[in-house]
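What's counted below: heavy atoms across the whole structure, side chains too, no hydrogens, waters or symmetry copies. Numbered from 1 within each chain, the chains take letters A, B, ... in sequence-line order. From a predicted model like this one, the values you see are computed outputs, not experimental measurements.
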2 protein chains.
Amino acid sequence: MTRQRRLVYDVLLRDLDHPTASEVFLRAKDQLAGISLATVYNCLETLTDAGLVKQVNLDREPSRYCPNLHEHAHFFCMSCGAVQDVAPASNDGGLCGWRIPEGNRVEKMEVAMRGLCRRCAAVEESDSEETGDVSASRAARAAN
Amino acid sequence: MTRQRRLVYDVLLRDLDHPTASEVFLRAKDQLAGISLATVYNCLETLTDAGLVKQVNLDREPSRYCPNLHEHAHFFCMSCGAVQDVAPASNDGGLCGWRIPEGNRVEKMEVAMRGLCRRCAAVEESDSEETGDVSASRAARAAN
DNA sequence: TTTTGATTTAGAATAATTCTTGATTTGTCG
DNA sequence: CGACAAATCAAGAATTATTCTAAATCAAAA
């Protein structure tokens with residue numbers, strides 16, 4: 001945790017408004033004049049890889065960053081651009097329902113899942129029988 | 001519906017594998033040698049605006065295109081990169097459950113909603129009392 | 001203190017997408 | 001049929017977010 005990483009993380013924690021990398025950069029500069037945009041990108045990536053921060057994307061807009069590690073969805077206001085966290089309605093594994101804040105109007109919802117399709121899950125299963133290592137084969141294929 | 005648009009649309013309909021713009025371009029070229037990537041982008045945008053096609057994004061990867069207009073989610077295989085459509089488990093408005101294909105392993109799920117936050121919904125409400133036109137005020141603000 | 005390795009910086013490079021401009025096609029009307 | 005207007009297309013330049021590169025800096029260990 002270097003000074004720059006600490007600062008970038010603090011910026012994210014101070015206002016939980018899902019800033020873009022550029023916005024983080026502007027806020028960080030106020031406190032550490034010499035910091036560069038590249039460093040902000042580096043720090044955001046490091047923090048994301050470390051699991052302290054989540055990268056949030058909507059369409060092809062610039063990525064936004066969120067230090068909320070609880071399971072949640074995101075609500076993007078089409079009018080003012082604000083981004084809110086939305087908590088799950090219950091602890092049933094996230095497949096079912098969200099606590100939409102009172103007054104918000106949802107016009108569209110997008111759901112994306114990531115994982116292994118049947119075929120790849122099967123291959124991994126058989127690979128792990130041979131090697132005993134579940135993650136190795138996936139990593140090997142992912143390297144393509 | 002011009003020749004190029006028809007072709008791009010047919011390419012999407014032929015294989016429902018969510019190709020990127022470049023992939024659409026490669027397939028389209030086979031049937032209309034002179035078509036350009038810019039035209040493919042134009043056509044995809046036109047088709048999307050017309051509501052015949054949906055643009056599908058995961059993270060910052062190239063956009064993919066999908067002619068399935070039914071409500072559905074997307075499943076991205078982390079190993080082979082395949083993208084599958086996932087149907088809702090019931091017709092309850094999409095808040096609740098998805099028919100994950102047998103054998104698929106979901107490791108992560110992302111939910112994004114778009115709409116109007118409480119404040120903007122309230123403003124629009126009061127605007128429409130004055131003007132009688134719900135969409136005008138939103139459009140005006142969106143133009144910023 | 002020197003070394004070592006990681007991190008930061010600035011700017012160049014990249015990749016997807018959009019924009020611009022001129023050419024082409026299409027539809028319409030005489 | 002032929003001319004004109006409007007829409008569309010093509011080619012390449014431009015844009016934008018992001019990543020890469022290489023040199024400079026820093027921090028901890030020896």
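Between the side chain of B:N104 and the backbone N or O of A:R118, at least one donor-acceptor pair lies under 3.5 Å.
Put simply, B:V56 and B:V53 are part of two different groups of oily side chains (I, L, V, M, F, W, Y) that touch within less than 4.5 Å, one to the next. The hydrophobic clustering, which links ILVMFWY residues whose side-chain heavy atoms are closer than 4.5 Å, places A:L26 and A:L16 apart.
If you check every strand for non-hydrogen atoms under 4.0 Å, B:E45 touches nothing. Using a 4.0 Å heavy-atom criterion, one finds that A:S22 contacts no nucleic acid atom at all. At a threshold of 4.0 angstrom between heavy atoms, the contacts of A:T39 include nucleobase atoms, whether or not backbone atoms are also involved.
Between the CZ atom of B:F25 and the P atom of D:dG12 there is a distance of 11 Å, rounded to whole Å. Note: CG (B:N42) to C1' (C:dT17) measures 11 Å, nearest angstrom. Between B:L37 atom CG and D:dG12 atom P the separation is 12 Å, expressed in whole Å. One can place CG of B:L26 at 12 Å from P of C:dA16, the figure rounded to the nearest angstrom. At whole-Å resolution of the value, CG in B:L7 and C1' in D:dC9 are 13 Å apart. Remark: P of D:dA7 and CE of B:M1 are 18 Å apart, rounded to the nearest angstrom. Remark: P of C:dA16 and CD of B:Q55 are 14 Å apart, rounded to the nearest angstrom. Between A:L44 atom CG and C:dT7 atom P the separation is 15 Å, expressed in whole Å.
The phosphate of D:dA17 (OP1 or OP2) has no side-chain N or O of A:S63 nearer than 4.0 angstrom. The shortest distance between the side-chain N/O atoms of A:Y41 and the OP1/OP2 oxygens of D:dT18 is below 4.0 Å. The side chain of A:R60 places no N or O atom within less than 4.0 Å of a non-bridging phosphate oxygen (OP1 or OP2) of D:dA17. Within the 4.0 Å cut-off from OP1 or OP2 of C:dT9, at least one side-chain nitrogen or oxygen of A:Q4 is found.
In this structure, B:D85 does not pair ionically with B:K54, as no charged nitrogen and carboxylate oxygen lie closer than 4.0 Å.
Both B:R3 and B:P62 lie close to DNA chain C; mapped to their nearest nucleotides by heavy-atom distance, the more 5′-ward contact belongs to B:P62.
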Step-by-step salt bridge (charged side-chain N to carboxylate O under 4.0 Å, His left out) determination, A:R14 to A:D10: CA-CA 6 Å; A:R14 172 149 29 251; A:D10 285 347; 6.0 Å; no
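When each of C:dT9, D:dT19, C:dC19 is scored by its nearest atom to the side-chain atoms of A:S36, the top-ranked nucleotide is C:dT9. Nearest to the side-chain atoms of B:A38 among the listed nucleotides D:dT18, D:dC9, D:dA11 stands D:dA11. Side-chain proximity of A:T2 to D:dA11, C:dT7, C:dT9: nearest is C:dT7.
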